[in-house]
2 protein chains.
Amino acid sequence: MIENDIFKALADPTRRAIFEKLAGGGMNASALREGMEISQPAMSQHLQVLRSANLVREERQGRFVHYEVNPDGLALIAQWLAKYRAYWPQRIEALKVLLRDMDQ
Amino acid sequence: MIENDIFKALADPTRRAIFEKLAGGGMNASALREGMEISQPAMSQHLQVLRSANLVREERQGRFVHYEVNPDGLALIAQWLAKYRAYWPQRIEALKVLLRDMDQ
DNA sequence: GAATCGCATAAGTGTATGCTTATCTGTTAT
DNA sequence: ATAACAGATAAGCATACACTTATGCGATTC
């Protein structure tokens, strides 16, 4: 189940940090490591998990591999969230902000 | 970190199923177990995890405990998702549906 | 063409996690 | 009161997971 891959991928704080960093702009794996105190294999493994969850996509560029956010994964979370829209009216004010942001 | 609790809670398919069931209407733990092939202690433990993630809240009713969805947890996921709104324009069509649903 | 670089993969290890069985607490019913 | 019931908690266990070190593999650089 793809939904499972996504939530499992995001359950790790290091992976969320990596994802967040990539959301600020795509870069290669070495650049991602800067200031993150994480070994090269660990980074590679995390990126693999994020990739198979469709949260990140890669593109070979010579001997570098460029990574960037894959919106597909985010869209699936949004879909999951939408299933529970019945519970939103109670917090409609907080949500209005989200809606405006998204609808820009 | 609360955000961590939420994603960790949702990383388990059984807990997502429990949450989904509760989203259809609050009920007590025994009722939740019906048709779910899960032991009583396992259900109790899952509910505890969902509870500490603010995805679910409980209310004692005599010797039963009524459980229901807690919108707070959902709101936090929405907030997390909103951070990546920069990636939404690429899928704005799919998102429009979500927006309409939420803004009802 | 040999060394280096960017990254992936393999294998091993400690810890976290989800389950089980057993037991305990608190509430209702007899 | 005591038995039955709803649910929580404890302890143990098997598996999953995130990390480590070591090595492999292409691509570049010298």
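All heavy atoms count here, side chains included; hydrogens, waters and symmetry mates do not. Sequence lines set the chain letters: A, B, ... in the order given, protein chains first and strands last, and positions in each chain run from 1.
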- Query: Between B:Met27 (CE) and D:dA6 (P), how many Å, whole number?
  - Reply: 15 Å
- Specify the separation, in whole Å, of atom CZ of A:Arg63 and atom C1' of C:dG6. 7 Å
- Would you say the side chain of A:Leu55 lies within less than 4.5 Å of the side chain of A:Leu50, judging by non-hydrogen atoms? yes
- Touch check for B:Arg33, heavy atoms < 4.0 angstrom, all strands: base, sugar-phosphate only, or nothing? nothing
- Toward the 5' end of DNA chain D, by each residue's nearest nucleotide, A:Gly62 or B:Leu47: B:Leu47
- Message: On the side chain of A:Gln40, is there an atom forming a donor-acceptor pair with the base of C:dA8 - under 3.5 Å, no angle test?
- Response: yes
- Can you tell me the distance, in whole Å, between the CD atom of B:Gln48 and the P atom of D:dA10? 11 Å
- Query: Just by distance, do the side chain of A:Tyr87 and the backbone of B:Ala23 share a donor-acceptor pair under 3.5 Å?
  - Reply: yes
- Item | CD/B:Glu37: more than 12 non-hydrogen atoms of other groups inside 6.0 Å | no
- Query: Rounded to whole angstroms, how far apart are CZ on A:Arg60 and P on C:dC7?
  - Reply: 8 Å
Any N/O pairs under 3.5 Å between the protein and nucleotides 15-19 of chain D? List them or say none.
{"unit_1": "D:dA18", "atom_1": "OP1", "unit_2": "A:Arg15", "atom_2": "NH2", "d": "3.0"}
{"unit_1": "D:dA18", "atom_1": "OP2", "unit_2": "A:Arg15", "atom_2": "NH1", "d": "3.3"}
{"unit_1": "D:dA18", "atom_1": "OP2", "unit_2": "A:Arg15", "atom_2": "NH2", "d": "3.3"}
{"unit_1": "D:dC19", "atom_1": "OP2", "unit_2": "A:His46", "atom_2": "NE2", "d": "2.1"}

- Atom-to-atom span, CZ of B:Phe64 to C1' of C:dA29 - whole angstrom: 12 Å
- Non-hydrogen side-chain atoms of B:Gln40 and B:Ser44 separated by less than 4.5 Å: yes
- Message: With clusters defined by side-chain heavy atoms of hydrophobic residues (ILVMFWY) lying less than 4.5 Å apart, directly or transitively, does B:Phe7 cluster with B:Leu81?
- Response: yes
- Query: Can you check the A:Asn28 CG to D:dG26 P distance for me, whole Å?
  - Reply: 20 Å
- B:Tyr67 side chain N/O closer than 4.0 Å to the phosphate oxygens (OP1, OP2) of D:dA8? yes
- Task: Describe the nucleic acid contact of B:Ser44 in one word from base, sugar-phosphate, nothing, applying a heavy-atom distance below 4.0 Å.
- Result: base
- Message: With a cut-off of less than 4.0 Å, is there a side-chain N or O of A:Ser30 near OP1 or OP2 of C:dC5?
- Response: no
- Message: Please check: side-chain N/O of A:Arg51 versus main-chain N/O of A:Val56, any donor-acceptor pairing under 3.5 Å?
- Response: no
- Query: Taking atom C1' of D:dG7 as reference, at what distance in whole Å does atom CZ of B:Arg51 sit?
  - Reply: 13 Å
- Note on the structure: Rounded to whole Å, the CG-C1' distance (A:Leu50 to C:dC7) equals 16 Å
- Check: B:Arg57 side chain, B:Tyr67 main-chain N or O, donor-acceptor pair, under 3.5 Å: no
